[in-house]
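Data block below; observations after.
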Amino acid sequence: MKSDPAITERALSRVLSEVRAESAPELDWERIEARLGEEPRMPPADGTPSRGLRAAFVLAAAGLALTIGWVAAGGRAPMASPTLPEAPRHALDGDTLGTGSRIDAITDEVAVEHARHSRWTLERGGRASVTTGGGIVRVELEQGALVARVVPSQKQETFVVEAAGTRVAVHGTAFRVALTADHVDVAVTEGTVLVGPRDRPGSGRPVSANENSSFSLSGVPLVGETPANPKASRPSVDHRGASGTGRPRELAEQPSIDEVEKVVSQVLELGATCFQSRTATANGVRVTASTTVTLRALPNGGVELVALDPPLAPPVQRCVLEGLRTLAIAESQRGIQVVRRMELER
Amino acid sequence: MSAEDDLIARCRAGDARAFREIFELYRVDVTRLLHRMIGRRADLEDLLQEVFVQVYRSIKTFRAESRLSTWIYRVAVNVALMYRRAAKSRPLIVATPEEPLLVDESSRPDEELSRQRRVEALYRLLDRVSDKKRVVYVLHELEGMTPNEISKIVGAPVLTVRTRLFYARREVLGMLRDEPSLAAIADELAAPESPRGAPVVEPHKEPA
């Protein structure tokens with residue numbers, strides 16, 4: 001049909017009015033707020049850490065959780081949410097790392113950021129090498145543990161962790177992978193990851209949010225999702241000073257409630273002390289924080305911090321981790337996991 | 001001090017609640033603008049986050065020479081443009097809508113589907129217009145801003161804005177018939193026997 005400019009203009013005008021009438025897409029505002037609250041590139045507001053912003057979002061979260069639960073180590077709920085990557089000041093720019101770059105987190109954790117893609121933190125004592133290409137970040141975890149948050153994507157997988165013979169593939173989630181002497185632990189906070197044998201990409205067992213599963217070094221799910229041999233389940237890098245020697249022949253399945261309560265009290269006290277000593281304040285301004293702490297009493301008697309959700313300021317968190325190394329609990333067959341609310345005030 | 005000044009002052013002082021208020025006040029408008037600037041893309045949420053991170057970072061440099069909303073729009077436009085520039089240098093993964101087309105219960109399903117197709121078609125046309133022209137076109141035709149307001153957002157003289165707007169309109173009009181769903185509506189308007197208000201029947205062919 002012949003094109004009449006006036007008609008075309010009327011047609012365009014009609015379509016424009018239809019577009020104008022469209023409402024804005026509905027997004028997950030809460031999730032965006034949460035992401036803004038933990039935005040790794042968020043700068044200090046006035047030379048001090050961006051605690052103000054974080055605190056506001058933390059306070060909102062504080063009302064939600066009054067979580068007190070006992071979970072057998074390796075159990076499914078209430079979830080041990082991984083300690084997500086924290087302050088970014090020392091984050092390496094992952095996009096500038098050469099292929100196969102090796103990272104050693106000898107004395108402190110190391111954070112790596114791939115712009116608009118992912119951010120992962122190699123926990124202290126860990127060692128990993130990283131390869132990027134084709135929009136995929138591939139981390140080979142040689143030792144220790146890492147925590148990652150990956151920006152959701154339409155692709156099947158954009159972030160892969162290979163630990164021994166186990167492959168963890170994701171395309172948008174938050175999770176933690178820990179390589180121990182005889183197995184690989186995977187804890188997922190958001191989304192789903194696929195864990196399977198390294199030599200069979202695309203196959204394996206999905207692990208979803210709030211799940212915590214263990215796999216053999218070749219990527220096979222362990223029965224009961226706990227290490228088959230607790231004696232051998234010490235972390236490959238034991239920086240807690242816990243020793244496996246002197247283990248009684250008949251171990252209780254789990255530490256007693258009294259023992260666990262004692263350790264929990266020590267941890268809460270430790271948190272309060274660290275918050276007091278490592279939180280800056282001025283003119284008598286009261287600073288409060290609220291977080292959910294997830295602890296794991298290891299079969300070997302060590303005490304491990306699984307998560308602080310939301311995370312505390314890095315100096316406070318480092319202080320807590322330091323203090324935890326001095327704590328110990330009775331050895332047991334399975335260990336135990338505990339989740340507690342921690343209210344802090346300065 | 002106006003409520004807006006107070007909000008800005010509190011945000012500058014590091015009051016997280018003030019920042020949250022700003023986010024809640026402008027998130028819908030910014031989302032709509034980003035959506036109109038980049039079309040249906042999966043990265044909308046990331047871009048929105050980026051806008052507010054930049055707002056937070058730069059609020060101290062905001063000199064209140066324009067309204068806060070204008071300044072935030074400026075940030076959003078820049079983020080969208082940066083995104084588009086970066087997108088040109090990487091493979092585009094978005095060929096399909098990120099969500100199924102939803103049918104508005106209040107209108108006839110075929111009518112609603114046709115309307116959504118026309119909206120998608122217009123975004124495809126806008127995608128073919130250069131960044132500078134598309135920005136002023138979107139801000140004027142879809143956001144309803146005046147050339148004066150747009151000049152503050154894009155940092156160009158009003159006359160330049162008007163010129164870009166003129167050429168953008170001409171380009172969009174010239175391309176309209178490239179999209180079958182838009183050509184159909186023009187044909188319907190041109191047909192003398194077409195009863196007023198009759199639904200547009202689209203030809204059974206897809207855009208190339």
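Throughout, protein chains are lettered first and strands after them, A, B, ... in sequence-line order, and every chain is numbered starting at 1.
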[atom1]-[atom2] distance between [X] and [Y], expressed to the nearest 0.5 angstrom:
X       : Y        : atom1 : atom2 : result
A:Arg14 : B:Leu182 : CZ    : CG    : 11.0 Å
A:Glu22 : B:Gln116 : CD    : CD    : 6.5 Å
A:Leu12 : B:Leu189 : CG    : CG    : 11.0 Å
B:Asp46 : A:Ile32  : CG    : CD1   : 9.0 Å
A:Leu27 : B:Leu48  : CG    : CG    : 6.0 Å

At a 4.5 Å cut-off on heavy atoms, which part of [X] comes close to chain A: side chain, backbone, both, or neither?
X        : value
B:Leu173 : both
B:Glu143 : neither
B:Leu122 : side chain

Please confirm whether the backbone N or O of A:Arg20 pairs with a side-chain atom of B:Arg36, one donor and one acceptor, at under 3.5 Å?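 Looks like yes, one N/O pair under 3.5 Å.
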Should A:Arg116 and B:Leu47 be marked as a side chain to side chain contact (heavy atoms under 4.5 Å, CB included) after you check the CA-CA gap, both sets of side-chain angles, and the distance that decides it? CA-CA 10 Å; A:Arg116 308 189 65 78; B:Leu47 290 187; 3.7 Å; yes
Are side-chain heavy atoms of B:Leu44 and A:Pro25 found at a separation under 4.5 Å?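 B:Leu44 reaches A:Pro25 side chain to side chain.
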Any non-hydrogen side-chain atom of B:Glu188 less than 4.5 Å from a side-chain atom of A:Ile7?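 No - every pair of side-chain heavy atoms lies 4.5 Å or more apart.
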Looking at every heavy atom in both A:Ala24 and B:Val28, which two are closest together, and how far apart are they?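 That would be CB-O, 3.6 Å.
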Do the side chains of B:Arg27 and A:Glu33 get close enough for a salt bridge, i.e. N-O under 4.0 angstrom?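 Answer for the salt bridge query: yes.
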